[in-house]
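One structure is given below, encoded as structure tokens.
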Amino acid sequence: MTATLPDFVSNLPFPVADNCMQVGGMPLTRLAQRVGRTPFYAYDRSLLTARVRQLRMAMPQQVRLHYSVKANPMPALVQHLAGLVDGCDVSSAGELKVVLDTPMAPEHVSFSGPGKGEGELSRAIAAGVLINIESEQELQRVAAIGDRLGMRPRVAVRVNPDFELKSAGMRMSGGPKQFGVDAEQAPQLLRHIGALNLDFHGLHIYSGSQCLRADAIIEAQRCTLELALRLAAHAPQAIRLLNLGGGFGIPYFPGDAALDIRPIGEQLAHLIARLAAHLPQARVALELGRFLVGEAGIYVTRVSDRKVSRGQTFLIADGGMHHHLAASGNLGQVIRKNYPVLIGNRIAGEQAETVSIVGPLCTPLDLMADKVVLPPAGPGDLIVVLQSGAYGLTASPTAFLGHPLPEEVLV
Ligand SMILES: *Cc1c(COP(=O)(O)O)cnc(C)c1O
């Protein structure tokens, strides 16, 4: 069999020289030596910078770009992004600490998530970050903490909208949801805010994740704006911030086409004009995770063994689902599909073969690629899982089977 390279090889965001992928300005083989051991994650800062620049060019200049830290909370990466984006959204006190250690000013940080703990809230209020209120109970708790600390907490209301982001990989709105307060209950909550010693900033309306269709995102943003205009009538103060959520997806699987962000930017310009006419003080923010970081990251694992079982060839790698649950297909996928994988030190070959790549765990779930066509590889070769910059290490069951954690480098 001769190699027919999948599309993602010719569209690789990383340069190739001498048939070897270049990461952070050096061959992957040398980077592996620099890191000192496999497996590891590597994130490319020039790709992160380029992605933010690409977004800025496509979006109206008034749009504030926020980074959703849960996509990848590696401190060096957050530090790098903090210098590029206008705000960060965190979902725990742990993520809050990472952001507060960067030069990002606390007034540009917001805290979202159901069930924020009392201790987390009090730390976030003391830090001066914006709390996205997600229930009546939480509202009362935040006000009480503010009284205790002698501070006026900065708050916004996270609304569970009465619509959903169509064709999203993960729906986070529309029906009954644990996130935010239902749009129907929001007017009452907004009135309660007016009666408390709270500094009200605006609304946070997040409808979904991993969407690759511009028209669906445009439609959700349009509905979000209309909902915000309706709710503004109940707000205790002028709306200063309207967080429209995000949902921008990246292609993971064969047949996925990259999201075209240009039409989103064009439509957003119209929405912003409409918003300015009704709520002149409101600034618009987009909150993105994987779109900013997903394509800039790779997971690298070395082949440690190769075996043929009843006619099927397996490459056994030193890393697997315990470091990268999503690539194994066990993080929310209904039908298992292969992440894009390649042999980083042997991008193309005269020959090709069909192999399955598995990790070292004693479970058939530890499958990193099922029957993929690759140049022949064996012990010592470096397997690269692309699109691994978001929801990789921190979304994985690292304690399962007790292997060491992988390294993470920003290059
Ligand atoms: C997870 C999450 C995000 C980021 O989602 P991506 O798909 O990574 O862009 C943004 N906002 C909120 C509220 C989230 O929960």
Side-chain angles (χ1 to χ4, degrees), residues 43 48 51-52 54-55 59 63-74 77-78 81 85-92 94-96 99 108-116 120 124 129-135 138 155-161 164-174 177-181 202-214 216-217 220-221 224 241-253 256 258-259 261 264 284-297 325-326 331-333 387-395:
Y43 314 115
L48 295 169
R51 178 46 66 102
V52 174
Q54 178 203 359
L55 260 171
M59 296 300 133
V63 170
R64 301 177 64 79
L65 295 179
H66 288 197
Y67 174 50
S68 178
V69 174
K70 84 168 188 283
N72 190 329
M74 186 219 191
L77 177 144
V78 177
L81 277 177
V85 298
D86 308 306
C88 283
D89 189 60
V90 300
S91 301
S92 70
E95 290 182 2
L96 177 64
V99 171
H108 301 310
V109 179
S110 59
F111 183 17
S112 303
K116 303 175 192 74
E120 291 184 299
V129 311
L130 182 72
I131 314 289
N132 286 318
I133 301 286
E134 311 214 10
S135 76
E138 191 169 85
V155 300
V157 174
R158 178 167 179 187
V159 181
N160 172 25
E164 61 178 28
L165 174 58
K166 302 224 167 55
S167 74
M170 215 176 279
R171 292 199 186 126
M172 292 174 69
S173 71
K177 287 284 179 298
Q178 71 268 52
F179 310 112
V181 285
L203 301 170
H204 176 273
I205 305 176
Y206 188 83
S207 49
S209 211
Q210 179 51 21
C211 180
L212 290 172
R213 278 181 39 204
I217 290 176
Q221 290 181 340
T224 302
L241 180 69
L242 174 57
N243 185 327
L244 289 179
F248 293 24
I250 61 171
Y252 287 103
F253 308 117
D256 281 357
L259 174 68
I261 58 174
I264 301 174
V284 165
L286 290 177
E287 183 177 274
L288 305 173
R290 81 183 77 226
F291 190 81
L292 292 177
V293 298
E295 300 190 85
L325 188 68
L331 184 68
Q333 276 163 248
Q387 310 296 74
S388 297
Y391 307 107
L393 183 58
T394 58

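Both counts, for ligands and for their atoms, begin at 1 and track the order of listing. These values consider heavy atoms only, across backbone and side chains, with no hydrogens, waters or symmetry-generated copies.
Ligand 1 does not have Phe291 within reach: every non-hydrogen atom of the residue lies 4.0 Å or more from it. Put simply, part of Tyr391 is less than 4.0 Å from ligand 1, judged by heavy atoms.
Considering both main-chain and side-chain atoms, Asp89 never comes within under 3.5 Å of ligand 1 through any nitrogen or oxygen pair. In terms of polar-atom proximity, Tyr206 is counted as a contact of ligand 1, with an N or O under 3.5 Å from an N or O of the ligand. Close N/O approach between Arg158 and ligand 1 is not found [any backbone or side-chain N/O within under 3.5 Å]. Considering backbone and side-chain N/O of Gly289, one or more are found under 3.5 Å from N/O of ligand 1.
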task = Take Asn160 and Ile205 through the side chain to side chain contact (heavy atoms under 4.5 Å, CB included) test and state the conclusion after the steps.
result = CA-CA 7 Å; Asn160 172 25; Ile205 305 176; over 6 Å; no
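Residue contacts with ligand 1, taken as heavy atom pairs separated by less than 4.0 Å, involve Ser68 solely via side-chain atoms from C-beta onward.
Among all heavy-atom pairs drawn from Pro161 and Tyr206, the shortest one is CD-O, 4.3 Å. Taking all atoms of both residues into account, the shortest heavy-atom contact from Leu48 to Leu292 is CD2-O, 3.6 Å.
Looking at heavy atoms from C-beta onward, Leu286 lies in side-chain contact with Met59 at the 4.5 angstrom threshold.
Residues that satisfy the salt bridge (Lys or Arg N to Asp or Glu O under 4.0 Å) test with Asp86, not counting sequence neighbours, are Arg56. Annotation: side chain to side chain donor-acceptor pair (under 3.5 Å) contacts of Glu138 (sequence neighbours excluded): Lys116.
Which of Ser209, Gly208, Gly294, Ser110 comes nearest to atom 7 (O) of ligand 1 through a heavy atom is settled by distance: it is Ser209.
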